[in-house]
Amino acid sequence: MTRMRFRRLLATLTVALALAACSDAPPPLPRLGADDVVLAFGDSITYGTGANPEESYPEVLAQLIGRRVVGAGVPGEVTANGVQRLPEVLDEVKPKILLLCMGGNDMLRKVEPVAIESNLRTMVSMARDRGIGVVLIAVPKPALFSGNAAFYQTISKENDLPLEGGILKDILFDNEFKADPIHPNAKGYRRMAEAIAELLRRAGAV
């Protein structure tokens, strides 16, 4: 191979790698200033059931990203209740970014997927209408060896939202990281916080 051909091949590979890296990047989020707030909204997983309060994922995430993270998790809450609760919380906290992690209780109660998807879409719209960036966190279906419900990916793609689709599935299928069948333990919440922190970095928020 001549030197010229080698250089062309190297340039082609460099471009290909760059394009691959770009394709893996999540949709961008607003850049967080030092005083901006992140709102973690959800159910018992956001609340931190299965660990001490200071070990919940919002508390750990705040330490990792150096920003205030408000945890607004209500154990047992379904998405229909979240739709009712979210507007007041958004108006009170005034976050720059919303981390939305809901749907698990709906699936446990056999709520129709179309209803869960509709409620999640409504909450996404509530935040975006206020100029708030949204990160969607998928919850795995409550069945052995199951994956995430398809509506998380659908909502993420249609609204161009960053999606954390793997971490809870990994945690809840590994006894080392869970307190019970549906809740992480302290180690699991730390892993969750680390994954979300990395997603925020890749999306340009921090």
Side-chain angles (χ1 to χ4, degrees), residues 25-105 119-139 152 155-156 158-168 171 183-184 186-206:
L29 287 167
R31 184 77 178 177
L32 289 167
D35 297 325
D36 286 329
V37 179
V38 176
L39 173 63
F41 188 87
D43 50 34
S44 55
I45 289 177
T46 301
Y47 179 81
T49 298
N52 295 321
E54 68 274 11
E55 296 169 328
S56 69
Y57 101 75
E59 290 290 331
V60 177
L61 179 63
Q63 299 168 17
L64 294 175
I65 66 173
R67 305 294 194 284
R68 184 180 172 218
V69 179
V70 174
V74 174
E77 188 168 72
V78 294
T79 54
N81 298 137
V83 169
Q84 299 301 314
R85 184 169 65 96
L86 182 58
E88 183 177 354
V89 179
L90 290 175
D91 293 341
E92 178 184 348
V93 175
K94 295 180 171 55
K96 190 74 168 282
I97 292 174
L98 167 68
L99 308 175
L100 181 58
C101 180
M102 295 198 81
N105 290 316
N119 291 333
L120 289 171
R121 287 181 182 278
T122 298
M123 288 187 276
V124 168
S125 294
M126 287 173 175
R128 299 188 84 178
D129 288 348
R130 290 167 169 81
I132 299 166
V134 180
V135 174
L136 197 59
I137 302 169
V139 182
Y152 291 109
I155 295 170
S156 169
E158 290 184 0
N159 292 276
D160 201 29
L161 303 178
L163 172 67
E164 174 44 68
I167 191 60
L168 274 175
I171 289 169
H183 297 109
K187 290 174 66 176
Y189 285 123
R190 175 161 288 277
R191 281 196 63 187
M192 183 177 178
E194 289 170 347
I196 295 169
E198 178 59 24
L199 178 61
L200 292 175
R201 292 189 188 98
R202 292 194 296 116
V206 292

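Since we're looking at a predicted model, the values are computed, not measured.
Taking CG from L100 and CG from L39, the interatomic distance works out to 9.0 Å, rounded to the nearest 0.5 Å.
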Next item on the list: Check the pair R190, Y57 against side-chain contact (heavy atoms from CB on, under 4.5 Å), reporting the backbone distance first and the verdict last.
Entry: CA-CA 6 Å; R190 175 161 288 277; Y57 101 75; over 6 Å; no
Next item on the list: Under the salt bridge (Lys or Arg N to Asp or Glu O under 4.0 Å) rule, what do K187 and E55 come out as? Steps first, then yes or no, please.
Entry: CA-CA 8 Å; K187 290 174 66 176; E55 296 169 328; over 6 Å; no
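Heavy-atom neighbours of D35 CG from other residues, nucleotides or ligands within 6.0 Å: at or below the threshold of 12. Applying the 6.0 Å contact sphere to CZ of R68 captures no more than 12 heavy atoms from other residues, nucleotides or ligands. Remark: E198 CD is packed, more than 12 non-hydrogen atoms of other residues, nucleotides or ligands lying under 6.0 Å away. Within 6.0 Å of CD in E158 there are more than 12 heavy atoms belonging to other residues, nucleotides or ligands.
Between the side chain of E164 and the backbone N or O of G166 there is at least one donor-acceptor pair closer than 3.5 Å. Here the side chain of S125 pairs a donor or acceptor atom with the backbone of R121 at under 3.5 angstrom. A donor-acceptor pair under 3.5 Å is absent between the side-chain atoms of N52 and the main chain of E54, judged by distance alone. With hydrogens and angles disregarded, a donor-acceptor distance shorter than 3.5 Å links the side chain of S156 to the backbone of L161. Between the side chain of N159 and the main chain of I155, a donor-acceptor pair closer than 3.5 Å is present.
Using a cut-off of 4.0 Å between Lys/Arg side-chain N and Asp/Glu carboxylate O, R130 and D91 are scored as salt-bridged.
Looking only at side-chain heavy atoms (C-beta outward), E59 and P53 stay at 4.5 Å or farther from each other. P95 places none of its side-chain heavy atoms less than 4.5 Å from the side chain of V70. In this structure the side chain of Y152 reaches within 4.5 angstrom of the side chain of V139, judged on heavy atoms.
Of all the heavy atoms in R191 and I171, the pair that sits closest is CB-CD1, 4.2 Å.
For the side chain to side chain contact (heavy atoms under 4.5 Å, CB included) test with V38, the passing option among I196, L32, L98 is L32; the others fail.
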